[in-house]
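Below: one structure, written as structure tokens.
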Amino acid sequence: MTAVGGFDAVAAYEQMVLIRCFEEVVLELYAAGGVPGTTHTYIGQEANAVGVIRHLNPMVDNVISNHRNHGHYLAYSDDVDGLLREILAREGGVCEGRGGSQHLHSGRFLSNGVQGGIVPVAAGMAMAEKRAGTGAATVVFIGDGTLGEGVVYETLNMASLWSLPLLVVVENNRYAQTTPIERALAGSLTARAEAFAVASEQVDSTDVDVIYRAAGRALKHVREAGKPFWLVINTYRFAAHSKGDDFRPRSEIERYRAYDPLSIAKASLDAKSCDAAMRKAKARIAASLAAAQHASGPSAPVEWLVRSGELWI
């Protein structure tokens with residue numbers, strides 16, 4: 001489970017390695033035809049999920065994620081078995097194999113592939129926590145591509161007016177699917193929040209320690225002031241938007257590999273700890289994959305809904 005407290009560099013690296021190895025296996029499974037539907041991997045953005053979520057208590061705080069949700073879910077739950085089975089549409093998955101890669105719900109974690117639509121959901125959850133006096137924080141992860149949706153700004157307005165304990169994390173990976181941010185968004189990313197009197201910060205780093213400290217400041221504001229915060233993290237994804245639709249220059253991708261969060265974290269650790277983290281991650285995923293392949297489940301989520309009479313169109 002997620003650890004709440006001071007920063008643990010080794011534990012953070014272990015989480016990032018687990019996410020990276022998991023996503024690489026998912027891409028291999030997709031290429032082999034084992035993944036129903038599509039999938040969006042988190043390769044290159046691991047430090048964001050780990051840096052933010054290590055501040056949270058999974059028994060108290062809420063996390064709402066988007067289509068690129070695997071890293072968030074693993075950082076929050078450490079549930080390799082449930083996530084892998086869900087992606088493969090197998091029994092024992094997070095949602096018994098019926099939600100697929102994008103749609104997860106477990107405990108206080110949920111995700112949805114509808115761009116922008118998760119932001120008002122998160123605000124509603126934050127309002128419920130405020131009224132109940134739980135002291136819980138609600139964190140919602142969105143991408144720069146979501147900033148073209150008007151509902152984001154409507155929600156910021158309400159969150160500010162009603163002083164909601166909501167942290168919006170904008171993972172700016174510089175592309176909305178295949179459209180570079182320069183062709184999609186004008187102006188400042190932080191000024192969008194400041195227009196609604198929402199405190200903000202922009203982090204231009206892929207160092208998990210730097211992100212962890214920035215997230216700590218943001219969540220302190222959310223918890224102590226009881227007000228929303230807008231945290232922009234400039235990042236980069238190394239894999240395609242989804243399965244293989246990548247039109248970015250290869251030279252650009254290679255240039256950003258100098259900022260690989262795993263390489264940055266590894267540089268401050270001893271080789272023994274890093275090797276152990278890699279072996280542990282690969283062993284866990286291999287065991288989960290072996291078990292998932294023998295689990296029963298629907299051949300496809302839609303077929304299950306039709307058979308059970310729950311498909312509504």
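These figures come from a predicted structure and were not determined experimentally.
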Donor-acceptor pair, [X] side chain versus [Y] backbone, under 3.5 Å?
| X | Y | result |
| --- | --- | --- |
| Glu86 | Arg98 | yes |
| Ser111 | Gln102 | yes |
| Arg174 | Thr235 | yes |
| Asn69 | Asn112 | no |
| Glu46 | Gly44 | yes |
| Tyr212 | Ala47 | no |
| Arg90 | Gly97 | no |
| Ser160 | Asn157 | no |
| Asp204 | Asn234 | no |
| His294 | Ala290 | yes |

Rounded to the nearest 0.5 Å, what's the gap from [atom1] on [X] to [atom2] on [Y]? Could you check?
| X | Y | atom1 | atom2 | result |
| --- | --- | --- | --- | --- |
| Lys282 | Arg279 | NZ | CZ | 10.5 Å |
| Asn48 | Ile53 | CG | CD1 | 10.0 Å |
| Glu14 | Leu269 | CD | CG | 9.5 Å |
| Asp61 | Thr138 | CG | OG1 | 7.5 Å |

Side-chain heavy atoms nearer than 4.5 Å, only ILVMFWY residues, links allowed to pass through others: does that put [X] and [Y] together?
| X | Y | value |
| --- | --- | --- |
| Ile233 | Tyr259 | no |
| Val232 | Ile142 | yes |
| Leu147 | Ile64 | yes |
| Leu167 | Met127 | no |
| Trp230 | Val210 | no |

Run the side-chain contact (heavy atoms from CB on, under 4.5 Å) check on Asn66 and His72 step by step: do they pass?
-> CA-CA 9 Å; Asn66 53 14; His72 304 146; 4.0 Å; yes
Over-ring placement of Arg257 relative to Phe238, 6.0 Å and 45° cut-offs |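 Satisfied, under 6.0 Å and within 45°.
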For the pair His67 and His241, name the ring-plane relationship: parallel under 30°, tilted 30 to 60°, perpendicular over 60°.
-> tilted
Specify whether Phe22 and His70 have parallel, tilted or perpendicular ring planes, treating 30° as the upper limit for parallel and 60° as the lower limit for perpendicular.
->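 Correct class here is perpendicular.
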Tell me, with the steps shown, if Ile43 and Glu24 meet side-chain contact (heavy atoms from CB on, under 4.5 Å).
-> CA-CA 8 Å; Ile43 297 173; Glu24 288 173 346; 4.1 Å; yes
Nearest heavy-atom neighbours spanning [X] and [Y]:
| X | Y | value |
| --- | --- | --- |
| Val50 | Ile19 | CG2-CD1, 4.0 Å |
| Ala215 | Leu231 | CA-CD2, 4.1 Å |
| Gly116 | Thr146 | N-CG2, 3.3 Å |

Starting from the C-alpha separation in whole Å, work towards a yes-or-no answer on side chain to side chain donor-acceptor pair (under 3.5 Å) for Ser200 and Glu194.
-> CA-CA 7 Å; Ser200 68; Glu194 293 163 3; 2.9 Å; yes
Is the closest basic N to carboxylate O distance between Arg284 and Asp78 below 4.0 Å?
-> yes
Could you tell me whether Arg108 and Glu129 have a side-chain N and a carboxylate O separated by less than 4.0 Å?
-> yes
Identified side chain to side chain donor-acceptor pair (under 3.5 Å) counterpart of Tyr42 within the set Glu171, Glu23, Arg20 = Glu171
Applying side chain to side chain donor-acceptor pair (under 3.5 Å) between Ser101 and each of Thr41, Thr38, Thr39, report the one that passes.
-> Thr39
Would Ser163 and Lys130 count as a side-chain contact (heavy atoms from CB on, under 4.5 Å) if you check the C-alpha gap in whole Å, the side-chain angles of each, and the deciding distance to 0.1 Å?
-> CA-CA 9 Å; Ser163 296; Lys130 177 180 180 178; 3.7 Å; yes
Under the side-chain contact (heavy atoms from CB on, under 4.5 Å) rule, what do Arg192 and Val170 come out as? Steps first, then yes or no, please.
-> CA-CA 11 Å; Arg192 285 166 157 74; Val170 182; over 6 Å; no
